[in-house]
Amino acid sequence: MAPPRVYSNFIDGEWVASASGRTFENVNPANRSELIGLFQKSSVQDVDAAVSAAKGAYKSWRNTPPPKRGEILYRAASLLKQNKEDFARAMTREMGKVLEETRGDVQEAIDMTFYMAGEGRRLFGQTTTSELPNKFCMTVRSPLGVCGLVTPWNFPMAIPSWKIMPALICGNTVVLKPATDAPLSSYNLVQTLDEAGLPRGVVNLVTGSGGDVGSPLIGHGDVRAVSFTGSTEIGRTVSQACAGSFKPCCLEMGGKNVIMVLDDANLDLAVDGTIWGGFGTTGQRCTAASRVVVQKGVYNDFVDRLVSRARALKVGNGLNPTVQVGPLINEAQRQTVESYIEVGKNEGAKLLCGGARLTGGEYDHGWFFAPTVFGDCDPRMRIAQEEIFGPVVSVIPCGDLDEALEIGNDVAYGLSSSLYTRNVNQAFTAMREMETGIFYVNAPTIGAETHLPFGGTKQTGNGHREAATAALDFYSEWKSVYVDYSDKLQRAQIDTQ
Ligand code: UN1
């Protein structure tokens, strides 16, 4: 057997080992004896080196005309496109979701990179009037400086691209710390940016744990902004770490997203949407449809169809094209899911299918779990309130639209929600009432597109949005510019009375 490949950090344009020289393993969750590679177990010294490289590169990068920055991004997007299949396969091997989905993940990175490349020729500000004669007013976007980016394993190329590309097009430089469960996809993304001709120091990659790398990065005095996607629990600590120095931070955290199915819905469509929304990425999405609220008239029919479809899902290695659901990311996640099965049973929810880890054959080599449906759930049950991040869907009966909306909103989170109905009045009412950052009609809770803002309310986020031009608002600050060409002192509010 060939020795495992050792992957380096990327600091100041060089592929380098961590200061400690230590590494950690990245294994395939569908087959834990398959080692994807060894990655650098970095620490504060590596973070310092990366931040200092990013700081050094900042002045020249921010003064590079944005259309030129965009050209590099455009080249990177084209390279991502060329390597899409290889990157998707590598992603399935390192984090388990099925190939169709990892292709989608790489595609999302391609779309985001092309999109932000185009923003290099826009980055619009405003020109406006002045209260005074012979005076000109405008707003321009200024970059912030070095950005510290901390990303999760479930969208290991898409989410880093959501952060890196808008940061770069605005003129910032970045240090990326990817999740230890899926660093290869970030590696592939950063290598692509390097190949596309990004100047040294503009993007830096440091792998390692949250404690060893994430915390010193977030707390670093030269890091001017932080963007984090992950759990609400860690997001809170990120927010607290940034508060002391008033460092802007963009937080994308948990979800407990609802699909609401009304009596007049197209039931086949609603079942399709629930299967995809609930079990896609093995339920490990912040946008996963982990609750379904179903009106009484169609409740039994919906549940029957959902359960028979969930039972028929083929679970296995995501590289196999007939597999529909991959493994969970690691043993800890599987134990968390298992513990919620017990919680649900003890709360009195009806376990309709799944509810256990899968064993025998290839299942013994990975972290597989059966697609699970709980029926007759009470909206206050923990399985209907807490983010499980696994293939578990809780179905809740309801009487009418008003009750569905009330249940839908009665959780701590506010990322995504969806309504299945054929009645346009009900659809618009729900759109207005749902306290989520994303709302779907006759489509599941997942499937965000890169040119629309992405993010949530309540404990899902802190008011910022990613993607679209909304991302530019996080990665730049407004500078208001007044040009007085009157050749005399003009005093606003005084001379204008
Ligand atoms: C996530 O759920 O963690 O909306 C991100 C979607 C994706 C992004 C999801 N484009 O389905």
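Indexing begins at 1, ligand by ligand and atom by atom, following the structure's order. Throughout, residue positions are numbered sequentially from 1 according to the sequence presented. Both backbone and side-chain heavy atoms feed into the values below; hydrogens, waters and symmetry mates do not. Not measured: the values here are computed from a predicted model.
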**Request:** For the pair Glu338 and Arg357, find out whether any cationic side-chain nitrogen is under 4.0 Å from an anionic carboxylate oxygen.
**Result:** yes
**Asked** Any Lys/Arg nitrogen of Glu477 or Arg141 sitting under 4.0 Å from an Asp/Glu carboxylate oxygen of the other?
**Response** no
**Asked** Pick one: which of Asp272, Asp304, Asp268 meets salt bridge (charged side-chain N to carboxylate O under 4.0 Å, His left out) with Arg309?
**Response**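 Single pass found, and it is Asp272.
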**Request:** Test Asn257 against every option in Thr436, Ile438, Ile446, Leu415 by the side chain to side chain contact (heavy atoms under 4.5 Å, CB included) rule and name the one that passes.
**Result:**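 Testing each of Thr436, Ile438, Ile446, Leu415 against Asn257, the sole residue satisfying side chain to side chain contact (heavy atoms under 4.5 Å, CB included) is Leu415.
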**Request:** Indicate the atoms forming the closest heavy-atom contact of Ile275 with Ala310, along with that distance.
**Result:** CD1-N, 3.7 Å
**Message:** Could you check whether Lys97 makes a cation-pi contact with Phe155, meaning its NZ or CZ is under 6.0 Å from the centre of the six-membered ring and within 45° of the ring axis?
**Reply:** yes
**Message:** Taking non-hydrogen atoms within less than 4.0 Å of ligand 1, which protein residues qualify?
**Reply:** Glu108, Asn154, Phe155, Trp162, Arg285, Cys286, Thr287, Ile446, Gly447, Ala448, Phe454
